Amino acid sequence: MLWLWLMLACESPTPTRPDLGPDPHVAADAVRGGLDQALQLWRNGHYDDAQQAVQRTYVEHFEPLEPALDAHDPDQRLALEYAFGRLTWQMRRRGQDAAVASAVDALQQDTARALKQLQIDLTRAVGEAP
């Protein structure tokens with residue numbers, strides 16, 4: 001019986017999945033939803049709330065992915081970060097409905113594309129891990 005206890009005590013731990021951060025697919029949906037909410041607020045004349053919604057979307061859903069995006073493509077991460085800031089700036093200017101809607105759409109598409117590629121790369125990396 002002692003030998004069984006010694007064998008179990010000497011076994012190596014079960015390998016675990018490395019911490020890959022938030023799921024990019026879930027984050028892309030959350031970014032889309034947050035930006036949709038910001039655009040709706042903007043269209044309803046709640047300009048300050050719309051800007052805050054963009055900032056909250058960035059902090060809560062995009063920022064946690066920055067380390068993974070930096071490892072994948074730092075220039076792309078920087079471009080997306082800049083687009084969030086530019087959108088907030090555009091929302092300060094009243095009467096820019098078409099520009100704001102276009103900026104929201106572009107940011108949603110660019111974020112989704114970047115996070116989809118990140119998901120593909122993470123899946124490959126996990127599959128190749130020993």
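If you're wondering where the values come from, they're calculated on a predicted model, not measured in any experiment. In this chain, numbering begins with 1 at the start of the sequence shown.
In terms of modelled atom types and a separation under 3.5 Å, the side chain of Thr57 and the main chain of Ala53 share a donor-acceptor contact. Not a single donor-acceptor pair under 3.5 Å links the side chain of Asn44 to the backbone N or O of His46.
Leu39 and Leu35 fall within a single hydrophobic cluster, where Ile, Leu, Val, Met, Phe, Trp and Tyr are joined by side-chain heavy atoms under 4.5 Å apart, directly or via other members. Note on Leu87 and Leu78: separate hydrophobic clusters, where clusters join Ile, Leu, Val, Met, Phe, Trp and Tyr whose side-chain heavy atoms are under 4.5 Å apart, directly or indirectly. Leu41 and Tyr47 fall into different hydrophobic clusters, where Ile, Leu, Val, Met, Phe, Trp and Tyr side chains are chained together by heavy-atom contacts under 4.5 Å. Val26 is not connected to Leu69 by any chain of hydrophobic side-chain contacts under 4.5 Å among Ile, Leu, Val, Met, Phe, Trp and Tyr, and they are in different clusters.
Between the side chains of Asp49 and Trp42, no donor-acceptor pair is found at a separation under 3.5 Å. A side-chain N or O of Gln108 and one of Asp36 form a donor-acceptor pair less than 3.5 Å apart. In summary, the side chains of Asp105 and Gln109 do present a donor paired with an acceptor at a separation below 3.5 Å, with no hydrogens or angles considered.
Considering all non-hydrogen atoms of both residues, Val100 and Gln90 come closest at CG2-O, 4.0 Å. Of all the heavy atoms in Gln96 and Arg93, the pair that sits closest is CG-O, 3.4 Å. The two atoms that bring Leu65 and Ala27 nearest to each other are CD1-CB, 3.1 Å, heavy atoms only.
With respect to Asp29 and Arg32, no salt bridge is recorded, no charged nitrogen being found less than 4.0 Å from a carboxylate O.
Applying the ring-ring contact (aromatic ring centres under 6.0 Å, His included) test to residues at least two apart or on different chains, the pairs with a partner in residues 83-103 are Tyr58-Phe84, Phe62-Phe84.
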*Yes or no on side chain to side chain contact (heavy atoms under 4.5 Å, CB included) for Arg43 and Asp97, after CA distance, side-chain angles and deciding distance?*
CA-CA 7 Å; Arg43 288 180 172 155; Asp97 293 353; 6.0 Å; no
*Do His72 and Arg77 pass the side chain to side chain contact (heavy atoms under 4.5 Å, CB included) test, and can you show the C-alpha distance, the side-chain angles, and the key distance before you say yes or no?*
CA-CA 9 Å; His72 174 71; Arg77 193 268 313 150; over 6 Å; no
*asked:* side chain to side chain contact (heavy atoms under 4.5 Å, CB included), that's the test. Do Gln37 and Arg56 meet it? Break it down for me.
replied: CA-CA 11 Å; Gln37 178 190 23; Arg56 187 173 45 254; 4.1 Å; yes
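Distance check: Leu115 CG to His61 NE2 gives 12.0 Å after rounding to the nearest 0.5 Å. In this structure, CD on Gln55 lies 5.0 Å from OG1 on Thr88, to the nearest 0.5 angstrom.
Arg113 is not listed as a side-chain neighbour of Lys116, based on a closest heavy-atom distance of 4.5 Å or more. Looking at heavy atoms from C-beta onward, Glu81 lies in side-chain contact with Glu66 at the 4.5 angstrom threshold.
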